[in-house]
Amino acid sequence: MALRCCNCSTPTTVIGMIEELEPADGHTVLEIGTGTGYSTALMCHRLGEDNVTTIEVDPQVAARADAALEEAGFSTWTVTGDGLLGHPPRAPYDRTIATCAVRRIPYTWVRQTKPGGIILATLGSWPWGTGLAKVTVQEDGTAEGRIIGRSSFMQARSQATAPLAGDLSARTAYADTERPAKVPPTLLDEWTPSFLAQLSAPGAQLVRATADDGTKLLHLFDPERESFAAFTEDTAGWTVRQGGPVALWDGIERSLMAWQGAGQPDIGTVRLRITERSHVYWIGKEPVLRWEHRVA
Ligand SMILES: C[S@@+](CC[C@H](N)C(=O)[O-])C[C@H]1O[C@@H](n2cnc3c(N)ncnc32)[C@H](O)[C@@H]1O
C-alpha cells in the first residue's frame, strides 16, 4: 500500500493528528481526504473498519485508496464526493478529521459530530502559516477549542484559492495611500504572524515576484474585495501602497503590532468558537487580537 499522495502530509503528522483525535473503543470517525488510505487504515486498525467513513473528492484517488484498503484487509466506507458536505447517512460521528486544509470548518461537520465529539482540521488558505484546529462540539450546536499547533495540508478542492492571473503592475496601478510600514511585511515569513494575517484579512493572498529590473516585490491581493497592498524596501525601510475599498495592510499591521505587544504568543494560544454563522478567533483579552469571520 502506497503511503504518500502528495508532499503535504507525512505519516508522522498523520499519526500525530490521529492521536490528537483521542480515539477510543467504539468511536465512529468521519475522515475528509482519503488520499492514499494510509490514515484511514490506521483508524480502521484502531477502531474497526465499520466505524470509519472516509471521503475523497478525486474519483481516481478514491478508487486507488479503496483497492489499497481492501488489500490491507479493511472493507471500510470509502465515499467519493465533496467532504465539505460531510456524509449525513452515517452521521453523527464521534470524531471528524480533515487531512486537507480548509478556510473555515464547514458547519455541516459540526452538525454531523456528536456533542462532546472532536473535530480536527487544518485552517488557513496560504501554503504556510496554517493552524491545526481542535474543537469540541457543544450541546448547543456550537464548537469550541483552539489552534493546537502548526499544520500544513493541501487545500480542500472546493475552497482552494484560484491562482492570481494577469499583470501585477496593473493590479497595483492605482493606490489610494502610501506610507511607511510600521512592521516589516517580511514578518509574514514567520508561521504565527502569517496565521494572524490570514485571520485579519481572510481572502488575501501573499504574492512574491521579481520586477524586470530585479527588484523583489511583495504584494497582498484580495481579489474578492478588489484591494491590494504593495510593498517596497529601501534603505529607510518598507513602504506600503494600498488600494481598493479595504486597507488590507492596516488591519494586518494592527494585529501584528498587538501580537508583538503581547509578547509574540505562539499559534497555540489562538482560541476558536464556531457557530452556524461565524468563526471567532481570539488571543487573550486584547480586542485587537480578536477576529470574527461571518459566513454571511
Ligand atoms: C494530504 S492528502 C490526504 C492524505 C491521506 N489522509 C493519507 O493518509 O494519505 C489530501 C487529500 O484530500 C483530498 N481532497 C481535497 N479536497 C477534498 C474535498 N473537498 N473532499 C474530500 N477530499 C478532498 C485530495 O484529493 C487528497 O487526496
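Predicted model only: the values in this text are computed from it and were never measured. Counting begins at 1 with the first residue of the sequence. Each ligand, and each atom within it, is numbered from 1 in the order the structure gives.
Classification of Arg90 and Asp50 as a salt-bridged pair holds, one side-chain N sitting under 4.0 Å from a carboxylate O. Residues Asp58 and Arg64 are not paired through a salt bridge, judged by the lack of any N-O separation under 4.0 Å between the basic side chain and the carboxylate. Ion pairing of Arg46 with Asp25 is present here, as a side-chain N (NZ or NE/NH1/NH2) and a carboxylate O approach within less than 4.0 Å. Ion pairing of Arg271 with Glu144 is absent here, as no side-chain N (NZ or NE/NH1/NH2) approaches a carboxylate O to less than 4.0 Å.
Note: no N/O pair closer than 3.5 Å links Met154 and ligand 1 by distance alone. Looking at Val61 next to ligand 1, no N or O pair under 3.5 Å apart turns up. Any N or O atom pair closer than 3.5 Å counts here, and Glu56 shares at least one such pair with ligand 1.
The ligand atoms of ligand 1 that sit less than 4.0 angstrom from a heavy atom of Thr99 are 1 (C), 2 (S), 3 (C), 4 (C), 5 (C), 6 (N), 10 (C). Listed by atom number, the atoms of ligand 1 under 4.0 Å from Ile55 heavy atoms are 21 (C), 22 (N). Within ligand 1, counting atoms from 1 as listed, the ones closer than 4.0 Å to a heavy atom of Thr34 are 5 (C), 6 (N), 7 (C), 9 (O). Heavy-atom proximity to Gly81, at under 4.0 Å, picks out these atoms of ligand 1: 20 (N), 21 (C). Every atom of ligand 1 with a heavy atom of Arg157 under 4.0 Å away is listed here by number and element: 15 (C), 16 (N), 17 (C), 19 (N). Under a 4.0 Å criterion applied to the non-hydrogen atoms of Glu31, ligand 1 contributes the atoms 6 (N).
Closest heavy-atom approach to atom 6 (N) of ligand 1 among the candidates Gly35, Ser39, Ala156: Ser39. Heavy-atom proximity to atom 21 (C) of ligand 1, evaluated over Val57, Asp82, Leu85, Thr36, is greatest for Val57.
Across Leu218 and Pro185, no two heavy atoms sit closer than the pair CD2-CB, 3.6 Å.
Residue Thr28 forms a side-chain hydrogen bond (donor to acceptor under 3.5 Å, both in side chains) with just one option from Asn51, Asp94, Thr53, and that option is Asp94.
Heavy atoms of other residues, nucleotides or ligands lying less than 6.0 angstrom from CH2 of Trp291 number more than 12.
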